[in-house]
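Reviewing the structure listed below.
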Amino acid sequence: MAEDKDLRYDPAAIEPKWQERWAADPALYAAEPVDGGKPKYYVLEMLPYPSGQLHMGHVRNYSIGDALARHMWMRGYNVLHPMGWDAFGLPAENAALKNNTPPREWTLANIAGMKRQFNRLGMGFDWATEVTTCLPDYYRWNQWFFLRMYERGLAYRKKSKVNWCPDCATVLANEQVIDGRCWRHEDTIVEQRDLVQWFFRITAYAQELLDGLDKLDGWPDKVRTMQRNWIGRSEGTEVEFAVENRHEKIRVFTTRIDTIFGATSVQLAPEYPLVTALAESDAGLKVQVARLLEEQKKAREEGDVGAIEKHGVPTGHFAINPYSGELVPVWVANYVLTDYGTGAIMSVPGHDARDFEFAKKFAIPIRRVIAPAVSTDEEPELPFLADDGVLVNSGKFDGLSCEDATKRLQQIAAEKKFGEATITFRLKDWGVSRQRYWGTPIPMIHCETDGLVAVPDDQLPVILPEQVEITQQGGSPLGRVPDFVNVTCPKCGGPARRETDTMDTFVDSSWYFYRYTDAKNADRPFDPAVAQYWFPIDQYIGGVEHAILHLIYSRFWTKVMRDLGLISNDEPARRLFTQGMVIKDGAKMSKSKGNVVSPDDMVARYGADAARMYSLFAAPPDRDLDWQEDGVAGVSRFLGRVYRFTMKYATIARTAQGQPVGAPRGVALKLLRKLHQTIAKITLDFEGRWHFNTCVAAIMELMNELQAADAQLASGEVPAAVIHELLRSLVLMVAPFAPHLAAELWEELGGEGEVLRAPWPKSNPDLAKEDELEIPVQVNGKLVTVVRVPTDAGSDAIQAAALAEEKVKSRTAGKTVAKIIVVPGKLVNLVVR
Ligand SMILES: [Zn+2]
Ligand SMILES: [Zn+2]
């Protein structure tokens with residue numbers, strides 16, 4: 001087809017035109033009132049941090065969500081598709097240090113810029129519900145929730161060992177420490193410090209967070225497994241060993257109480273209180289313990305206590321096995337942590353690899369107490385790790401299975417009150433204190449007379465002051481703002497000091513999606529009735545890097561809000577999709593690698609539609625996408641073909657608007673068949689399979705068939721009503737992927753209203769059906785060939801066709817065909833003897 005100059009596809013003209021129209025019609029992408037009677041669909045992409053620039057990962061994430069939202073609008077749903085800004089956090093402070101721009105100014109300017117980018121990409125967000133987490137109308141509710149949690153004992157203060165990033169100059173949550181390094185500073189080793197910190201008692205929900213995962217079958221297994229491991233439930237037993245000639249008792253946690261007769265030592269963490277007490281009166285021990293502690297600290301900082309070179313030292317004291325009365329030596333060891341379990345373990349070298357290694361090294365006795373359930377000629381080597389054996393060398397418990405022994409031993413511990421069956425979790429309470437400026441102020445007051453006093457609700461929000469000198473030392477910057485710090489105690493009216501820590505920014509993202517449902521509410525975080533309508537989120541979309549941080553915190557927050565009576569859902573999102581990364585030349589895009597592709601450049605060169613469609617076409621959405629500019633250019637050329645072809649026949653198509661296609665034949669039927677097969681495929685994909693890459697490929701195939709039939713369309717061989725049906729449906733299917741082009745062509749075809757409100761095309765199964773089917777033919781259960789028959793062929797005709805096949809003839813020659821089984825449309829099987 002010769003290029004017609006007048007029909008040049010020019011996204012630089014088409015796209016801004018539609019963006020202006022959309023901006024002038026805020027109702028277009030707005031959620032409708034909850035009582036409108038339509039089914040609801042809440043599609044949500046994770047909100048970005050306003051760094052100043054959207055990157056290609058964003059473009060991909062939001063292209064997926066926007067395509068889905070558009071599709072659901074066309075399916076007649078009341079769609080909520082909001083956007084906001086995760087706007088608190090360190091980069092704003094770092095930028096302030098670097099450029100001397102106040103964090104608020106920097107952040108709001110970035111938001112304005114990124115919003116422009118979103119609009120230039122043609123994303124269909126409901127900006128009326130925009131949430132900006134750094135503004136008081138939002139963060140006051142963080143404070144309100146904090147106070148509700150404080151009242152219920154879910155927010156509390158304790159001194160604890162914290163992860164401290166010297167670069168961030170703040171505390172990090174365990175989840176923000178990756179291989180001993182800061183999650184923001186890959187090269188910075190995280191230190192351990194003792195500080196009084198605020199915590200959220202997420203562990204109160206540990207079991208529920210774990211159980212809930214079983215019901216989240218719309219979440220990727222990978223994410224659920226990561227959460228299960230993070231929560232880390234283990235069943236076991238706590239028992240007390242008395243210490244000989246002293247009043248202290250050592251409480252150990254073990255998952256293998258059945259092996260307790262094989263305990264040949266008790267091992268304590270260097271910071272265990274008894275160790276501190278013993279070291280006080282033993283200068284030699286004190287030095288050695290200090291060394292062990294130093295080794296442990298170093299291993300923690302390197303992020304791998306599990307791989308520590310194990311050292312220990314005997315205290316010279318003995319503990320008493322509560323079941324046997326046996327005296328075992330008490331050791332201090334560098335691999336035992338105070339904050340894991342009870343800080344004390346019983347060491348069973350015969351049946352634990354780590355204990356075995358330690359016992360060998362320090363010549364501690366090794367004893368067999370478990371034998372294989374089925375006796376063998378040779379005794380298995382130690383350590384013998386099976387937990388389905390029977391007890392030996394265990395006094396009156398000999399011969400019991402591990403399982404039965406565990407029950408008996410737990411029972412005895414409970415009766416004699418020296419222990420009990422327990423469940424422990426790896427999950428720790430969520431440390432939320434940050435000694436940073438750009439976050440939500442914690443709404444608490446320290447009074448000399450009254451101690452900790454909560455800020456009364458009617459004094460919220462506690463406003464974050466704006467004129468603050470930001471430095472990277474000396475604790476929280478808020479501590480240096482007298483107007484902020486000095487307050488009147490709400491209880492006694494005396495002078496008091498405000499808490500100067502701010503909240504972890506993961507607080508902001510734990511509930512932002514509830515605020516979207518009622519973003520302007522000045523009296524409450526949101527109206528429960530409105531949230532009830534929209535929740536749970538039908539589809540949540542974001543990066544898998546949030547599998548344990550954000551996605552556990554937000555599940556916790558949902559359960560807390562439910563228990564506050566604000567919502568009735570147990571989980572925030574029914575379905576979760578984690579898209580792959582966008583890479584270039586095999587590596588993640590990053591400034592340091594110089595392989596960053598700017599969305600603005602792509603849009604300027606090829607248009608938003610091409611950039612968006614390419615990001616869906618180039619890889620299945622859950623896989624990594626290797627960005628190729630050639631590919632974007634290819635998609636742009638394809639959109640050009642759609643544009644020119646549709647424009648060429650738009651006038652003819654319009655004349656047949658609303659006419660039925662009748663009983664098409666020949667090439668018209670062939671084209672309609674391809675069309676309805678394509679509709680069926682894309683509809684199915686939007687319903688959950690999400691192979692958007694193959695959806696785009698299917699539209700391309702359809703386009704190829706249309707172009708191949710150009711002569712027949714031009715000659716009038718294909719009726720105008722069929723042309724109308726073909727082009728109209730083509731445009732509707734393109735709409736979720738390339739919304740500007742679709743809007744333009746919809747108008748050209750004389751479509752009514754916005755293409756976004758046009759009903760999604762329905763696949764007609766009769767038209768989609770092929771005239772011929774391929775049916776596999778088996779001989780004695782083995783596939784020998786396939787036979788082509790008309791789709792409506794009956795059993796006899798299929799059987800005859802199968803027997804006429806050369807391959808079937810040769811396999812049956814000289815034999816008896818005992819039976820022929822025909823499953824119409826599916827299969828022929830010949831039983832031959
Ligand atoms: Zn850091
Ligand atoms: Zn007071």
Side-chain angles (χ1 to χ4, degrees), residues 49 51 86-98 103 106-107 147 150-151 157 160-193 195 197 297-298 300-304 430-439 441-460 462 470-477 482 484-509 545-546 548-550 588 590-592:
Y49 178 79
S51 59
D86 193 9
F88 271 140
L90 268 182
E93 284 182 62
N94 295 339
L97 274 170
K98 218 167 142 189
W106 183 84
T107 303
L147 293 173
Y150 180 66
E151 288 159 6
R157 239 159 74 102
S160 81
K161 203 159 279 306
V162 294
N163 308 301
W164 181 269
C165 171
D167 278 356
C168 295
T170 187
V171 166
L172 303 177
N174 287 340
E175 292 84 338
Q176 292 164 339
V177 181
I178 295 151
D179 297 332
R181 281 146 215 272
C182 172
W183 68 308
R184 305 200 65 94
H185 298 105
E186 284 172 28
D187 300 326
T188 305
I189 292 188
V190 173
E191 298 169 4
Q192 301 290 310
R193 290 195 184 176
L195 278 180
Q197 299 284 296
K297 266 192 182 156
K298 196 156 168 274
R300 273 207 209 222
E301 287 173 3
E302 282 161 9
D304 202 358
W430 174 11
V432 294
S433 282
R434 298 291 180 273
Q435 293 69 45
R436 299 302 308 203
Y437 162 67
W438 195 231
I442 291 177
M444 296 298 294
I445 289 166
H446 302 272
C447 169
E448 294 256 320
T449 318
D450 302 300
L452 270 176
V453 180
V455 173
D457 279 7
D458 61 9
Q459 291 177 24
L460 296 184
V462 176
I470 294 175
T471 65
Q472 265 176 332
Q473 326 78 47
S476 172
F484 176 83
V485 174
N486 300 321
V487 286
T488 306
C489 170
K491 251 190 188 163
C492 66
R497 286 177 60 84
R498 275 195 199 285
E499 171 67 60
T500 56
D501 283 357
T502 53
M503 296 184 205
D504 181 8
T505 57
F506 276 102
V507 169
D508 308 319
S509 54
E545 67 272 20
H546 297 292
I548 47 176
L549 297 156
H550 162 58
K588 189 177 172 177
S590 75
K591 272 188 200 151
S592 60

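Values in this document were obtained by computation on a predicted structure and should not be read as measured data. For the single chain, residues carry numbers from 1 onward in sequence order. Read the numbers this way: they start at 1 and go in the same order the structure lists the ligands and their atoms.
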Exercise for the section: Mark yes or no for whether D504, through its side chain, and F506, through its backbone, hold a donor-acceptor pair below 3.5 Å. Expected result: yes
Handout entry: Minimum-distance atom from the Zn ion (ligand 2) among N, O or S atoms of D450
Key = OD2
Exercise for the section: Please determine which of L172, L195, V190 meets the side-chain contact (heavy atoms from CB on, under 4.5 Å) test together with V162. Expected result: L195
Problem - Donor-acceptor under 3.5 Å (Q192 side chain, K161 main chain) - result: no
Practice task
To the nearest 10 degrees, calculate the angle at the Zn ion (ligand 1) involving ND1 of H185 and SG of C165.
Solution key: 110°
Show every donor-acceptor pair shorter than 3.5 Å between a side-chain atom in residues 486-496 and any protein atom, with sequence neighbours excluded, or say none if there are none.
unit_1 : atom_1 : unit_2 : atom_2 : d
N486   : ND2    : P482   : O      : 3.3

Problem - Rounded to 10 degrees, the angle SG of C489 makes with SG of C447 at the Zn ion (ligand 2) - result: 110°
Practice task
Tell me whether E448 has at least one N, O or S atom under 2.8 Å from the Zn ion (ligand 2).
Solution key: no
